[in-house]
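Labels below follow one simple rule: chain letters A, B, ... track the order of the sequence lines, proteins then strands, and each chain is numbered from 1. Remember, predicted model here, so these are calculated numbers, not experimental data.
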Amino acid sequence: MNDDGLDLEDRYRRVLRLLPGYYRDRWEEDMVAALLDSRMTGDEDEDYYVLVYGRPGWPEVASVAALAIRLYLGGAGTPRRYFAWGQAVRRAVLAVLLVHATQGLADLTLLAWRRHLAAWFRPLPASLAAPAPSSAWPTVMNTVDYAWIVIFLALVLGHHRTARAIAALAVATELVVLLQAQFADILLRPLGTWSSWFLVSLAPVLAMAAFHQDAPPTARRPWLLALPGYYLLVPVPLMVIQVTGNQAWLPDSAGLGCLVVGLACLAHAPRALSRSRQAAGCGVWSLALTLLAAVAGAWRIVTLGNYVHDPHLMRVSLAELVILLAAVAVVAPDAARAQMPAPAPPPYPHPG
Amino acid sequence: MAVKPMTGQAFFVLSALADGPRHGYGIVGEVADLSHGRVKLKIGGLYGVLDRLTAERLIEPDREEAHDGRLRRYYRLTSGGRHALAEEAELRAATARVVRARLGLAGGEAAG
């Protein structure tokens, strides 16, 4: 017998535990039968050996894992709580990509300004002038910033594979640049930089798996309008603050994330609260904002270490965290209601 | 409202059931045969498609049979599934005729 006391069927059942319970109730027996059938050769001795000692193949495990992602981040036809999670993750991903894309637009604006493409502007202040690059890496990072615009637009317009492919390339490039800086010992705040890459670049790109074939199409118009809207509301005022020499008022990236998500929670609060009175519990936006708040909060906490020697900035950072927590507390009950399980759909009829 | 186009996997699974009911692994084998080995369904992918087609009432369970101590569930096309498959097959055949004509191959539609 095996060391773990399991045979192939037990191992397949263990893999199938990746799937949601309602789905296993419908399909587990059928899937186990098909998985075992796929391993049978017709040779009695060999089949016996496989049934006792065989292990699930990685391609089958990967296909079950991919199915699990599709079901937990549900699309049409999945139970309400999984659909709510799927929609919330999709909106949170789009929101993060929107921020990346507007950063790319801001970079393009500065590039145009530096190259005097807009003649009516006064010369770029020294604080925004780019130092002469000593290597190709800054150019590479700028290119990645511009790529986020394409990724965001591709995702909104429904070209999910294109968006995923370019996004994978973008995060891989960022990883190479960061590793190069790490090994060259020129990374100023390694913890903050790496956590930023993980939380704001890698995690959203992985979460793009929520844009699978069962996902409903993205509402194009509001997201396309959000691109110039957010650009005018956040990056432009920040550039104005920089241009006017008031950099001291600028929060760092993690702080900005806390403030923006906090404000978004407060803006959404009237809807979340009215929904709570109706007990409709369909607060997908509340759930998306809670996810974004979790990311922003984690980012802020991880980067607090940057300010251990600066009590003023430490107080400012903690204040940003408190604002975020207070704002997300308003929408969190609605987010919790969105996840409440509805009665599971009835199992498919058995042949009779 | 726009009708969602049928995916390649769904087309092959429905095609595998066109001449009679099949169980899960039987569908995998038939799809591989139909596609000349180009489409190799994994079990996770197969049951994603079967779940969707069942929810859309294009297929339904037919019967269960015991085999080596396990129950095999067979699936069959519904009348809606037969109709959807026929429509999709016609669409693909029409596309193939146009492509063949543009390539100047035999069996293509005459240019108008």
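Of all the heavy atoms in S63(A) and G44(B), the pair that sits closest is OG-N, 3.0 Å.
For R57(B), the CZ atom sits in a loose shell: 12 or fewer heavy atoms of surrounding residues, nucleotides or ligands are nearer than 6.0 Å.
For the atom pair S38(A) OG and K42(B) NZ, the distance stands at 8.5 Å (nearest 0.5 Å).
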Derivation of the salt bridge (Lys or Arg N to Asp or Glu O under 4.0 Å) call for R70(B) and D37(A): CA-CA 10 Å; R70(B) 295 186 293 278; D37(A) 280 346; 3.3 Å; yes

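Counting heavy atoms from C-beta outward, R26(A) and D51(B) have side chains that approach closer than 4.5 Å. Q213(A) is listed as a side-chain neighbour of R52(B), based on a closest heavy-atom distance under 4.5 Å.
Panel note: side chain Y47(B), backbone E28(A); no donor-acceptor pair is recorded below 3.5 Å. In terms of modelled atom types and a separation under 3.5 Å, the side chain of E60(A) and the main chain of I43(B) share a donor-acceptor contact.
Residue pairs satisfying the side-chain hydrogen bond (donor to acceptor under 3.5 Å, both in side chains) criterion with at least one member in residues 152-169 of chain A, sequence neighbours excluded, are absent.
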